[in-house]
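Input: a single structure, listed below in structure tokens.
What you see below is based on every heavy atom in this structure, not just the backbone, and it leaves out hydrogens, waters and symmetry mates. Every number for a ligand or one of its atoms is a count from 1 in the order of the listing. By convention here, the first residue in the shown sequence is residue 1.
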Amino acid sequence: MDLIIKGGRIVTAEGSYKGDIGIEKGKIKAIADKLPQNSGKTVDARGMVVFPGAIDVHVHLQLPFCGTVSADDFENGTKAAACGGVTTVIDFAIQKKGDTIKKAVDNRRAEADGKVAIDYALHAVPTDWNERTKNELMKLADEGYTSFKMFMIYAKEGMISDDDALFAALEETSRFGGMVGVHAESVRVLDLLIDRYHNPQDMKKYGAYCHVLSRPNYIEAEAIQRAVKWAESTGGKLYVVHMSTADGADIIRDAKRRGLHVYAETCPQYLLLDDSVFKKPNGYLYGTCPQVKKKADSDRLWRALADGDVSVVSTDTCTFDKKQKAMWQGDFTKIPFGLPGVETLLPLVFTFGVGKKRISETQLVKLLCTNPAKLMGMYPEKGTIAVGSDADLVVFNPNKKVTLSYKNLQTNCDWSPYEGFKLKGYPDTTISRGEIVASKGKFVGKVGHGRFVKRHIGMKL
Ligand code: URP
Ligand code: ZN
Ligand code: ZN
């Protein structure tokens, strides 16, 4: 064996047990009560929990957005991921009008390949719907891009997909099992409300809170409801990204009860923050789409995670530092939208989910590892601890106390939405395909170690 993880408590989606994990050529070769010592390396995992490496299915590294580019590039963003116990990320390749989607994925591959420190994959993002685009989807799926993300907003940014495109994409993907992800917000009414608050008096009075006032819960709920209807009508598989509302959780639960293949993710910001952050003097820093909502929404989302109605926790990492955020200059429509997050995903969900008894350890593994791998077509290579799977693992110290500060994180962000949060539980060692890539929160791997993951068709949960 090249590496043995000794004496940890192994946690999978099925349960937990004590054992050793033997790794050879990047794969899990053996799991047993005790494996004999050999000449390879050993990681002492006594007193630790061993999780499958977390999979963050929603990151935007070096994304040109809101007049700037997100501050964590493929190199640093994947280093940060490794430090936080994430061993695979899925980013996005966004079609430019007039180009093929294939061109977008090739460009994104050229930006990421050789730079990434852990494995990565890409969702393909159609923005220019026509016959050629439609005909690309199945070919892209054959090349490992088996999920397609569509923005129901961002008209001015040229990224919006209207209902006809969404409907047709669901119809097309239902032919081969692909999945359509949606950023679900109701664009016409949203733009009307943004215009309503976009005036000097309201912006002076409410500041960054205008972002909240212009996005009531029904903006998300109506769009989710509509997308679910199109999924039901076409038989397509739908995945609602960064769901932020209690209303959304109710709609997804009802759709699931009707037997639809409709799934949703939420993110730590919707579980741990509430919209009072926008009243802080630096409230604009928290600007993200959709914005964080009320405590009742967080409580409902935690329940949906425990019940399995929401299947995944991702981060929607889109890092902007203070200087970039300062571009807003008092205008809530000019905030570079997005938050850092990939590095703190696992410790936050462990502390505030498992630690607060909102979810079990096995549920955490389902939400951060197994469900993402199954839905996104990477299971059982990733998302579990089993003989033959990739040796993507986190040796996690459940007793390690950490006070979160951006100063101790790998991200290029010079602030954190979770600054000062008290954590109990932090990754000790992150292993990506058998290589130790992070130790005690510091990156110790190699840039370029990560590979593109050619995904297969995802499973239904
Ligand atoms: O505000 C956000 N979330 N920025 C990234 C783009 C998106 O909508 O996911
Ligand atoms: Zn979005
Ligand atoms: Zn996003």
Side-chain angles (χ1 to χ4, degrees), residues 55-73 77 81 89-95 104 108 120-127 147-161 166 180-187 190-191 194 208 210-212 214-215 219-220 223-224 227 238-245 248 263-271 273 275 277-278 283-293 312-321 324-325 327-328 332-342 345 372 376 411 413 417:
I55 300 173
D56 188 345
V57 303
H58 191 154
V59 301
H60 303 277
L61 304 178
Q62 62 190 74
L63 175 73
F65 195 50
C66 303
T68 181
V69 179
S70 62
D72 279 314
D73 59 11
V89 292
I90 312 188
D91 205 293
F92 299 82
I94 304 176
Q95 179 188 28
R108 212 66 177 137
Y120 83 104
L122 293 171
H123 304 282
V125 183
T127 63
S147 51
F148 305 90
K149 151 91 172 283
M150 301 181 92
F151 291 103
M152 296 172 80
I153 64 161
Y154 299 141
K156 288 184 199 111
E157 291 78 359
M159 300 200 295
I160 193 170
S161 286
L166 178 54
V180 177
V182 281
H183 173 141
E185 289 187 292
S186 198
V187 67
L190 172 60
D191 284 349
I194 289 173
C210 287
H211 188 40
V212 174
S214 55
R215 282 178 140 89
I219 292 293
E220 182 175 87
I224 294 178
L238 180 76
Y239 181 82
V240 177
V241 306
H242 52 45
M243 196 170 71
S244 63
T245 56
Y263 308 96
E265 64 175 30
T266 188
C267 312
Q269 54 269 32
Y270 306 120
L271 297 166
L273 304 176
D275 65 18
V277 296
F278 292 101
Y284 61 95
L285 293 177
Y286 296 81
T288 193
C289 287
Q291 89 286 13
V292 299
K293 303 290 194 304
V312 172
V313 186
S314 70
T315 63
D316 192 15
T317 292
C318 191
T319 305
F320 295 111
D321 62 22
Q324 291 173 301
K325 290 279 187 182
M327 287 165 55
W328 89 304
F332 73 105
T333 66
K334 295 204 169 65
I335 303 174
F337 286 129
L339 299 174
V342 65
L345 168 68
M376 299 298 167
T411 171
C413 207

The atoms of ligand 1 lying under 4.0 Å from a heavy atom of His242, numbered in the order shown, are 8 (O), 9 (O)

Looking at His183, the N/O/S atom that lies nearest to the Zn ion (ligand 2) is called ND1

So, Ser244 and Glu220: side-chain donor and acceptor under 3.5 Å apart, yes or no? yes

Proximal atoms of ligand 1 relative to His58 (non-hydrogen, under 4.0 Å): 9 (O)

Which of the ligand 1 atoms, numbered from 1, are nearer than 4.0 Å to a heavy atom of Tyr154: 6 (C), 7 (C), 8 (O)

Look only at interatomic distance and state if Phe65 has a nitrogen or oxygen under 3.5 Å from any nitrogen or oxygen of ligand 1. no

Donor-acceptor under 3.5 Å (Asp72 side chain, Thr411 main chain): no

In this structure, which one of Ile219, Ile160, Asp191, Val187 forms a side-chain contact (heavy atoms from CB on, under 4.5 Å) with Ile153? Val187

Taking all heavy atoms of Arg215 and all of Cys289, pick out the closest pair and write down the distance. NH2-SG, 3.3 Å

Please report which non-hydrogen protein atom sits nearest to atom 3 (N) of ligand 1, along with the residue it belongs to and the distance in Å to one decimal place. Asp316 OD2, 2.6 Å

Between His183 and ligand 1, is there a nitrogen or oxygen pair with a distance under 3.5 Å? yes

Starting from atom 1 (O) of ligand 1, find the nearest protein heavy-atom neighbour and note its residue, name and distance. Cys289 N, 2.8 Å

How about His242: does one of its N, O or S atoms come closer than 2.8 Å to the Zn ion (ligand 3)? no

Is there an N/O/S atom in His58 at a distance below 2.8 Å from the Zn ion (ligand 3)? yes

Which is the closest N/O/S atom of Asp316 when seen from the Zn ion (ligand 3)? OD1

Between Thr127 (side chain only) and Gln95 (backbone N and O only), is there a donor and an acceptor less than 3.5 Å apart? yes

Can an N or O of Phe337 be found at a distance shorter than 3.5 Å from an N or O of ligand 1? yes

Specify whether Trp328 and Tyr284 have parallel, tilted or perpendicular ring planes, treating 30° as the upper limit for parallel and 60° as the lower limit for perpendicular. parallel

Hey, can you tell me if His211 and Phe337 have their rings parallel, tilted or perpendicular (30° and 60° cut-offs)? parallel

Does the ring center of Phe65 lie less than 6.0 Å from the ring center of His60? no

